[in-house]
**Q** 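The following block contains the structure, expressed as C-alpha coordinates.
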Amino acid sequence: MPELPDVRAFMGYLQSTALHKKIVHTSVDEAVLRKGTSLQAVARAATGHSMEEAQAHGKHLFVKTGRKWLVFHFGMTGHFDYYECQPEDEDHTHADFELENGYHLAYVAPRRLGFVDVTDDVAGYIEKEGLGEDALRISRDRFVELMQNRRGMLKSALTNQAVVAGVGNVYADEILFQAGLHPKSAVKALGTDALRKLHTTMQHVLREAADRQADPSSFPDSWLTPRREDGAACPSCSGTIRRITVNGRGTYVCPSCQSEFS
Ligand SMILES: [Zn+2]
(Lines give C-alpha, C1' and ligand atoms only; values in the text may rest on other atoms or scores of the structure.)
Protein backbone atom coordinates (compact mmCIF):
# COMPACT_ATOMS: atom_id res chain seq x y z
CA MET A 1 0.00 0.00 0.00
CA PRO A 2 1.47 3.34 -0.96
CA GLU A 3 2.73 5.14 2.13
CA LEU A 4 4.51 8.46 2.49
CA PRO A 5 7.71 7.46 0.62
CA ASP A 6 5.72 6.02 -2.28
CA VAL A 7 3.54 9.13 -2.53
CA ARG A 8 6.65 11.34 -2.47
CA ALA A 9 8.01 9.20 -5.33
CA PHE A 10 4.74 9.60 -7.28
CA MET A 11 4.96 13.35 -6.70
CA GLY A 12 8.50 13.38 -8.12
CA TYR A 13 7.31 11.36 -11.11
CA LEU A 14 4.47 13.80 -11.80
CA GLN A 15 6.81 16.78 -11.39
CA SER A 16 9.32 15.35 -13.87
CA THR A 17 6.68 14.45 -16.46
CA ALA A 18 3.30 16.23 -16.49
CA LEU A 19 4.01 19.48 -14.65
CA HIS A 20 3.31 22.79 -16.49
CA LYS A 21 1.64 21.10 -19.47
CA LYS A 22 -1.90 22.12 -20.25
CA ILE A 23 -4.58 19.46 -19.73
CA VAL A 24 -6.76 19.19 -22.84
CA HIS A 25 -9.04 16.34 -21.80
CA THR A 26 -9.98 14.70 -18.51
CA SER A 27 -11.67 11.37 -17.93
CA VAL A 28 -12.33 9.74 -14.57
CA ASP A 29 -14.21 6.52 -13.78
CA GLU A 30 -17.12 6.84 -11.37
CA ALA A 31 -15.56 4.07 -9.30
CA VAL A 32 -12.62 6.25 -8.18
CA LEU A 33 -14.48 9.51 -7.71
CA ARG A 34 -14.65 10.44 -4.06
CA LYS A 35 -18.17 10.50 -2.73
CA GLY A 36 -19.51 14.03 -3.05
CA THR A 37 -17.58 14.94 -6.18
CA SER A 38 -18.41 14.39 -9.86
CA LEU A 39 -16.62 13.88 -13.13
CA GLN A 40 -17.82 17.34 -14.14
CA ALA A 41 -16.26 18.91 -11.06
CA VAL A 42 -12.90 17.20 -11.65
CA ALA A 43 -12.95 17.97 -15.38
CA ARG A 44 -13.84 21.62 -14.72
CA ALA A 45 -10.94 21.88 -12.28
CA ALA A 46 -8.46 20.20 -14.64
CA THR A 47 -9.24 20.75 -18.32
CA GLY A 48 -7.80 23.95 -19.71
CA HIS A 49 -5.34 24.29 -16.81
CA SER A 50 -1.84 23.01 -16.15
CA MET A 51 -0.68 21.01 -13.16
CA GLU A 52 1.21 23.90 -11.58
CA GLU A 53 2.54 22.43 -8.37
CA ALA A 54 2.24 19.34 -6.20
CA GLN A 55 2.16 18.94 -2.44
CA ALA A 56 2.16 15.68 -0.53
CA HIS A 57 0.59 15.23 2.87
CA GLY A 58 1.09 11.74 4.25
CA LYS A 59 -0.59 9.37 1.82
CA HIS A 60 -2.47 12.15 -0.04
CA LEU A 61 -1.20 14.10 -3.04
CA PHE A 62 -2.56 17.54 -3.94
CA VAL A 63 -1.97 18.94 -7.42
CA LYS A 64 -2.76 22.58 -8.18
CA THR A 65 -4.65 23.31 -11.39
CA GLY A 66 -5.70 26.94 -11.68
CA ARG A 67 -7.67 27.85 -8.56
CA LYS A 68 -8.44 24.23 -7.61
CA TRP A 69 -6.44 21.28 -6.38
CA LEU A 70 -6.85 17.72 -7.60
CA VAL A 71 -6.55 15.23 -4.76
CA PHE A 72 -5.14 11.74 -5.28
CA HIS A 73 -5.16 8.87 -2.83
CA PHE A 74 -3.50 5.69 -4.04
CA GLY A 75 -5.33 3.05 -2.00
CA MET A 76 -3.59 -0.31 -2.01
CA THR A 77 -1.82 -0.37 -5.35
CA GLY A 78 -2.34 2.96 -7.14
CA HIS A 79 0.32 4.89 -9.06
CA PHE A 80 0.77 7.23 -12.04
CA ASP A 81 1.71 6.30 -15.59
CA TYR A 82 2.92 8.99 -18.00
CA TYR A 83 2.47 7.62 -21.50
CA GLU A 84 2.18 8.72 -25.10
CA CYS A 85 0.34 6.01 -27.05
CA GLN A 86 -0.58 3.08 -24.90
CA PRO A 87 -1.14 3.05 -21.14
CA GLU A 88 0.77 0.31 -19.33
CA ASP A 89 -2.44 -1.05 -17.82
CA GLU A 90 -5.52 0.14 -19.69
CA ASP A 91 -7.95 -2.00 -17.68
CA HIS A 92 -6.90 -0.33 -14.46
CA THR A 93 -6.45 3.22 -15.70
CA HIS A 94 -9.24 4.95 -13.78
CA ALA A 95 -8.37 8.57 -14.49
CA ASP A 96 -6.64 10.00 -17.51
CA PHE A 97 -5.41 13.54 -18.12
CA GLU A 98 -4.51 14.16 -21.74
CA LEU A 99 -1.87 16.87 -22.09
CA GLU A 100 -1.21 19.38 -24.84
CA ASN A 101 2.03 17.60 -25.87
CA GLY A 102 0.08 14.45 -26.75
CA TYR A 103 1.13 12.57 -23.61
CA HIS A 104 -1.23 11.47 -20.85
CA LEU A 105 -0.92 11.24 -17.10
CA ALA A 106 -2.90 8.20 -16.00
CA TYR A 107 -3.98 7.28 -12.50
CA VAL A 108 -3.73 3.51 -12.37
CA ALA A 109 -5.27 1.49 -9.54
CA PRO A 110 -5.54 -2.28 -9.96
CA ARG A 111 -7.43 -2.49 -6.68
CA ARG A 112 -9.77 0.43 -6.63
CA LEU A 113 -9.42 1.57 -3.05
CA GLY A 114 -7.89 4.92 -3.80
CA PHE A 115 -9.75 7.96 -5.06
CA VAL A 116 -9.62 11.16 -7.06
CA ASP A 117 -11.17 14.29 -5.61
CA VAL A 118 -11.06 18.06 -6.00
CA THR A 119 -10.78 20.86 -3.45
CA ASP A 120 -10.08 24.58 -3.34
CA ASP A 121 -8.53 24.48 0.13
CA VAL A 122 -5.75 22.00 0.94
CA ALA A 123 -5.51 22.87 4.64
CA GLY A 124 -9.28 22.63 5.03
CA TYR A 125 -9.31 19.28 3.23
CA ILE A 126 -6.63 17.86 5.53
CA GLU A 127 -8.60 19.04 8.54
CA LYS A 128 -11.89 17.66 7.25
CA GLU A 129 -10.22 14.29 6.62
CA GLY A 130 -8.99 14.32 10.21
CA LEU A 131 -5.37 13.85 9.19
CA GLY A 132 -2.52 14.54 11.55
CA GLU A 133 0.61 16.43 10.52
CA ASP A 134 2.74 14.97 7.74
CA ALA A 135 5.23 12.49 9.20
CA LEU A 136 8.21 14.19 7.52
CA ARG A 137 7.21 17.68 8.64
CA ILE A 138 6.00 17.10 12.19
CA SER A 139 8.37 18.57 14.79
CA ARG A 140 9.95 16.36 17.40
CA ASP A 141 8.22 18.11 20.29
CA ARG A 142 4.80 17.86 18.68
CA PHE A 143 5.32 14.17 17.88
CA VAL A 144 6.35 13.42 21.47
CA GLU A 145 3.37 15.36 22.83
CA LEU A 146 0.88 13.53 20.60
CA MET A 147 2.33 10.08 21.25
CA GLN A 148 2.42 10.62 25.01
CA ASN A 149 -1.34 11.05 24.94
CA ARG A 150 -1.99 7.75 23.19
CA ARG A 151 -3.07 4.49 24.74
CA GLY A 152 -2.58 1.08 23.22
CA MET A 153 0.19 -0.41 21.15
CA LEU A 154 3.03 1.51 19.60
CA LYS A 155 2.44 0.32 16.04
CA SER A 156 -1.24 1.26 16.23
CA ALA A 157 -0.38 4.79 17.32
CA LEU A 158 2.30 5.20 14.66
CA THR A 159 -0.02 4.09 11.85
CA ASN A 160 -2.99 6.14 13.07
CA GLN A 161 -3.33 8.79 10.34
CA ALA A 162 -5.03 11.15 12.78
CA VAL A 163 -1.87 11.21 14.91
CA VAL A 164 0.72 11.45 12.15
CA ALA A 165 -0.05 11.12 8.44
CA GLY A 166 1.94 8.88 6.12
CA VAL A 167 3.15 5.84 8.06
CA GLY A 168 1.43 2.58 7.12
CA ASN A 169 2.00 -1.11 7.77
CA VAL A 170 5.33 -1.62 6.01
CA TYR A 171 7.17 1.52 7.10
CA ALA A 172 5.91 1.22 10.67
CA ASP A 173 7.65 -2.16 10.83
CA GLU A 174 10.83 -0.69 9.35
CA ILE A 175 10.84 2.29 11.72
CA LEU A 176 10.23 0.14 14.80
CA PHE A 177 12.87 -2.37 13.71
CA GLN A 178 15.45 0.40 13.28
CA ALA A 179 14.40 1.99 16.56
CA GLY A 180 14.75 -1.37 18.38
CA LEU A 181 11.19 -1.13 19.68
CA HIS A 182 8.67 -3.95 19.61
CA PRO A 183 5.43 -2.97 17.83
CA LYS A 184 3.33 -4.37 20.69
CA SER A 185 5.01 -2.10 23.23
CA ALA A 186 2.61 0.08 25.17
CA VAL A 187 3.03 3.68 24.01
CA LYS A 188 2.52 4.78 27.62
CA ALA A 189 5.55 2.75 28.69
CA LEU A 190 7.93 4.74 26.48
CA GLY A 191 9.69 7.70 28.00
CA THR A 192 10.32 11.06 26.36
CA ASP A 193 13.82 10.07 25.26
CA ALA A 194 12.58 6.93 23.51
CA LEU A 195 9.85 8.92 21.73
CA ARG A 196 12.38 11.55 20.63
CA LYS A 197 14.61 8.84 19.20
CA LEU A 198 11.58 7.28 17.51
CA HIS A 199 10.83 10.61 15.81
CA THR A 200 14.41 10.81 14.52
CA THR A 201 14.29 7.23 13.25
CA MET A 202 10.87 7.75 11.65
CA GLN A 203 12.00 10.76 9.64
CA HIS A 204 15.31 9.11 8.72
CA VAL A 205 13.57 5.99 7.38
CA LEU A 206 10.89 7.92 5.47
CA ARG A 207 13.39 10.33 3.92
CA GLU A 208 15.83 7.59 2.92
CA ALA A 209 13.01 5.51 1.42
CA ALA A 210 11.61 8.49 -0.49
CA ASP A 211 15.11 9.30 -1.80
CA ARG A 212 15.28 5.71 -3.10
CA GLN A 213 11.88 6.03 -4.84
CA ALA A 214 10.39 3.70 -2.22
CA ASP A 215 11.98 0.79 -4.06
CA PRO A 216 12.89 -1.91 -1.48
CA SER A 217 15.48 -3.44 -3.82
CA SER A 218 17.52 -0.25 -3.41
CA PHE A 219 17.25 -0.11 0.39
CA PRO A 220 20.38 -0.60 2.53
CA ASP A 221 21.23 -4.20 3.49
CA SER A 222 20.62 -3.32 7.12
CA TRP A 223 16.90 -2.69 6.51
CA LEU A 224 14.02 -5.01 7.37
CA THR A 225 11.67 -4.23 4.44
CA PRO A 226 13.45 -6.39 1.83
CA ARG A 227 13.21 -9.31 4.32
CA ARG A 228 9.52 -9.26 5.20
CA GLU A 229 9.26 -13.03 5.50
CA ASP A 230 8.72 -15.34 8.46
CA GLY A 231 12.01 -17.12 9.13
CA ALA A 232 14.24 -14.65 7.24
CA ALA A 233 17.63 -13.89 8.77
CA CYS A 234 17.70 -10.66 10.78
CA PRO A 235 19.97 -8.17 8.99
CA SER A 236 21.26 -6.92 12.33
CA CYS A 237 21.78 -9.94 14.62
CA SER A 238 21.96 -13.73 14.29
CA GLY A 239 18.23 -13.96 15.07
CA THR A 240 15.24 -14.67 12.87
CA ILE A 241 12.49 -12.38 11.58
CA ARG A 242 9.06 -13.43 12.76
CA ARG A 243 5.60 -12.64 11.44
CA ILE A 244 3.14 -11.68 14.15
CA THR A 245 -0.23 -9.94 14.06
CA VAL A 246 -0.79 -6.51 15.54
CA ASN A 247 -4.35 -5.21 15.39
CA GLY A 248 -5.09 -7.63 12.59
CA ARG A 249 -2.15 -6.55 10.43
CA GLY A 250 0.74 -8.81 9.46
CA THR A 251 3.79 -7.44 11.25
CA TYR A 252 7.45 -8.40 10.96
CA VAL A 253 9.78 -8.21 13.95
CA CYS A 254 13.12 -9.43 15.19
CA PRO A 255 12.33 -10.55 18.75
CA SER A 256 16.02 -10.26 19.69
CA CYS A 257 16.56 -6.72 18.38
CA GLN A 258 13.22 -5.19 19.34
CA SER A 259 12.45 -4.68 23.04
CA GLU A 260 8.90 -4.80 24.25
CA PHE A 261 7.92 -2.17 26.81
CA SER A 262 4.75 -2.82 28.75
ZN1 LIG B 1 17.80 -9.01 15.13
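All values derive from a computational prediction rather than experimental measurement. We use all heavy atoms of the structure for the numbers below, so side chains are in, but hydrogens, waters and symmetry mates are not. Atoms within a ligand are numbered from 1 in the order they appear, just like the ligands themselves.
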**Q** Show your reasoning for whether side chain to side chain donor-acceptor pair (under 3.5 Å) applies to S27 and D96.
**A** CA-CA 5 Å; S27 60; D96 192 284; 4.9 Å; no
**Q** Quick one: does NZ or CZ of R34 land under 6.0 Å from the six-membered ring centre of F115, within 45 degrees of the ring axis?
**A** yes
**Q** Side-chain donor-acceptor pairs under 3.5 Å in residues 67-74, sequence neighbours left out?
**A**
{"residue": "H73", "atom": "ND1", "partner": "G75", "partner atom": "N", "Å": "3.2"}

**Q** Restricting to ring-ring contact (aromatic ring centres under 6.0 Å, His included), what partner residues turn up for W223, sequence neighbours left out?
**A** F219
**Q** Could you please tell me which protein N, O or S atoms lie under 2.8 Å from the Zn ion (ligand 1)?
**A** C234 SG, C237 SG, C254 SG, C257 SG
**Q** Holding to salt bridge (charged side-chain N to carboxylate O under 4.0 Å, His left out), I want the full list of residues that pass it with R212, two or more places apart in sequence or in another chain.
**A** E208
**Q** Is L4 close to Y171 at the side-chain level, that is, under 4.5 Å between some pair of heavy atoms?
**A** no
